[in-house]
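Just so you know, these numbers use all the heavy atoms, side chains as well, and skip hydrogens, waters and symmetry mates. Note that ligands are numbered from 1 as they come in the structure, with each ligand's atoms numbered from 1 the same way.
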Amino acid sequence: MSDTLRMFRSTVREFIQTEFAPHQARWRQQQCPDAEAWTKAGAIGILLSDVPEEYGGGGGTFAHVAVAVEELAHAGVHFASFIHNSVAHYILAYGSEEQRRNWLPRMARGELVGAIAMSEPAAGSDLTGSKTTARRDGDHYVINGSKTFITNGWHAGIICLAVKTDVRAAGPKGISLIIVEAKNLSGYRVGRPLEKVGMHAQDTCELFFDDVRVPASNLLGPVEGRGFSQMMEKMNYERLAIGVAAVTTAERAVAITSKYVKERMAFGKPLIDFQNTRFKLAECKTEARIARAFLDNCIERFIAGQLDDITTAMAKYWLTDCECRIVDECVQLHGGYGYMAEYPIARMWTDSRVHRIYAGTNEILKELIASSL
Ligand SMILES: Cc1cc2nc3c(=O)[nH]c(=O)nc-3n(C[C@H](O)[C@H](O)[C@H](O)COP(=O)(O)OP(=O)(O)OC[C@H]3O[C@@H](n4cnc5c(N)ncnc54)[C@H](O)[C@@H]3O)c2cc1C
């Protein structure tokens with residue numbers, strides 16, 4: 001932390017409290033944030049806070065991103081700015097100067113909402129099973145196929161899309177990333193936001209591509225066939241951001257539950273007077289503290305460019321497992337009220353579950369960690 005980050009945190013916190021938190025019931029009902037939420041977040045500096053100023057970003061580091069993710073998790077608001085930022089980092093890392101100047105400033109202002117589209121009905125953990133193709137036709141690619149479970153899908157204006165550019169190449173070799181500007185694009189269609197068990201305010205959609213033509217210059221990376229390694233490299237950004245949300249949620253669960261058990265009475269005394277309650281919360285608080293120490297260490301190393309894939313996988317797997325254990329214990333300590341949607345702990349229980357599934361399931365991450373043994 002630094003004074004600049006503390007100031008940024010207080011700006012972000014106030015913004016979320018006034019602009020996002022009051023609208024959560026409506027966002028949940030419409031299954032997505034308001035479109036204007038993106039331009040408002042852009043104006044306050046939440047978007048692309050770790051992208052250089054020359055491209056419209058905030059010129060900060062991942063610490064700024066972590067602050068925003070923490071504040072969103074702290075308020076129980078689902079707004080996938082970290083996915084949006086992640087798209088910007090694909091462009092920053094693999095895009096040409098022209099591509100960066102074309103897309104990044106508009107993303108920073110929230111005029112283009114970013115989505116990453118990798119998963120398909122038959123390609124989740126195994127992305128080499130992708131069936132969406134991009135066929136070269138003169139100065140264009142012609143895209144056919146569909147994607148599923150895409151976060152920010154409903155509002156997406158810019159999609160980092162994984163496609164097969166070489167259908168004959170085996171495994172990861174034929175995969176490339178193409179940037180698709182989605183607004184008013186012929187042949188492109190978004191399905192209604194998918195019904196989920198949690199994260200109801202977050203738009204998660206299917207995307208359909210039917211002979212969609214995009215300029216060949218939208219390819220990311222100088223040549224075709226680099227998509228798989230680009231995804232494996234940049235996925236660390238998302239994984240670490242999910243770790244930040246996981247630890248903040250765990251800490252929040254302990255805080256909420258500690259308060260609850262002091263107020264709720266059973267057998268003539270507050271729940272905290274039962275040794276089981278105290279011991280469970282003591283265990284949760286300890287685990288959350290360990291999680292925080294590991295996370296902070298990972299963030300420092302990430303900012304220094306020294307966080308390796310294996311440690312990032314460890315962080316995402318362990319921190320999200322830890323989050324789910326803690327939140328589940330806290331639901332138990334709430335009794336029946338912990339199962340009622342109007343109680344924040346109930347929502348945290350359904351919302352947090354997906355952290356163990358997306359951006360690489362925790363099983364896939366253990367495979368990755370095991371490869372280093
Ligand atoms: C709310 C939500 C948002 C999402 N957002 C996005 C997004 O923005 N962009 C995007 O591209 N995708 C997104 N996803 C998709 C997500 O990344 C996939 O769901 C995830 O990668 C798992 O793929 P799958 O669902 O096909 O499960 P599968 O791959 O079918 O896996 C099923 C089970 O088998 C296990 N398994 C599979 N292979 C192995 C193996 N080799 N060893 C051991 N176990 C294995 C898995 O761990 C899992 O437990 C999102 C998903 C959800 C639910």
Identity and distance of the protein heavy atom lying nearest atom 24 (P) of ligand 1: Gly124 CA, 3.9 Å
Proximal ligand 1 atoms for Thr151, defined as those under 4.0 Å from one of its heavy atoms: 3 (C), 4 (C), 5 (N), 6 (C), 7 (C), 8 (O)
Nearest non-hydrogen protein atom, atom 2 (C) of ligand 1: Tyr358 CD2, 3.6 Å
Per-atom contact, atom 28 (P) of ligand 1, protein heavy atoms, under 4.0 angstrom: yes
Centroid-centroid under 6.0 Å between Tyr188 and Phe208 rings: no
Lys196 heavy atom under 4.0 Å from ligand 1: yes
For Arg347, the option from Arg28, Glu342, His200 that meets side chain to side chain contact (heavy atoms under 4.5 Å, CB included): Arg28
Heavy atoms from other residues, nucleotides or ligands near CD of Gln332 exceed 12 (cutoff 6.0 Å): no
Hydrophobic cluster identity match, Met232 and Ile83, side-chain contacts under 4.5 Å: yes
Check: Tyr90/Glu233 side-chain N/O donor and acceptor closer than 3.5 Å: no
Cation over ring face, Arg325 and Trp318, 6.0 Å, 45°: yes
Exercise: do His78 and Asp351 side chains pair donor with acceptor under 3.5 Å: yes
Sidechain-backbone polar pair: Asn152 side chain, Ala115 backbone, donor-acceptor under 3.5 Å: no
Polar atom proximity, Ala117 to ligand 1 (N or O, under 3.5 Å): no
Nearest protein heavy atom with distance in Å, relative to atom 15 (C) of ligand 1: Ser119 OG, 3.1 Å
Element-labelled atoms of ligand 1 that are located less than 4.0 Å from some non-hydrogen atom of Thr361: 22 (C), 46 (C), 47 (O)
ILVMFWY network linking Ile178 to Leu127, side-chain heavy atoms under 4.5 angstrom: no
Nearest-contact summary for atom 53 (C) of ligand 1 - protein heavy atom, Å: Val354 CG2, 3.5 Å
Closest approach of any protein heavy atom to atom 25 (O) of ligand 1, naming residue and atom: Phe149 CE1, 3.8 Å
Protein non-hydrogen atom found under 4.0 Å from atom 50 (C) of ligand 1: yes
Tyr141 six-ring centre to Arg136 NZ/CZ under 6.0 Å and within 45° of normal: yes
Linked, directly or transitively: Ile175 and Val142 (ILVMFWY side chains, under 4.5 Å): no
Distance-only N or O hit between ligand 1 and Glu363, under 3.5 Å: yes
Location of contacts on Ala359 toward ligand 1, heavy atoms closer than 4.0 Å: backbone
Atom 34 (O) of ligand 1: any protein heavy atom closer than 4.0 Å: no
For Ile364, atoms of ligand 1 separated by under 4.0 Å from a heavy atom: 38 (N), 39 (C), 40 (C), 41 (N)
Structural part of Ile116 in contact with ligand 1, heavy atom criterion under 4.0 angstrom: backbone
Ligand 1 to Asp126 polar contact by distance, N or O atoms, under 3.5 Å: no
Atom indices of ligand 1 within 4.0 angstrom of Ile357 heavy atoms, with elements: 20 (C)
Sidechain-backbone polar pair: Arg353 side chain, Trp349 backbone, donor-acceptor under 3.5 Å: no
Polar atom proximity, Met118 to ligand 1 (N or O, under 3.5 Å): yes
Heavy-atom protein contact below 4.0 Å for atom 7 (C) of ligand 1: yes
Protein heavy-atom partner closest to atom 36 (N) of ligand 1 - residue, atom, separation in Å: Ser125 OG, 4.4 Å
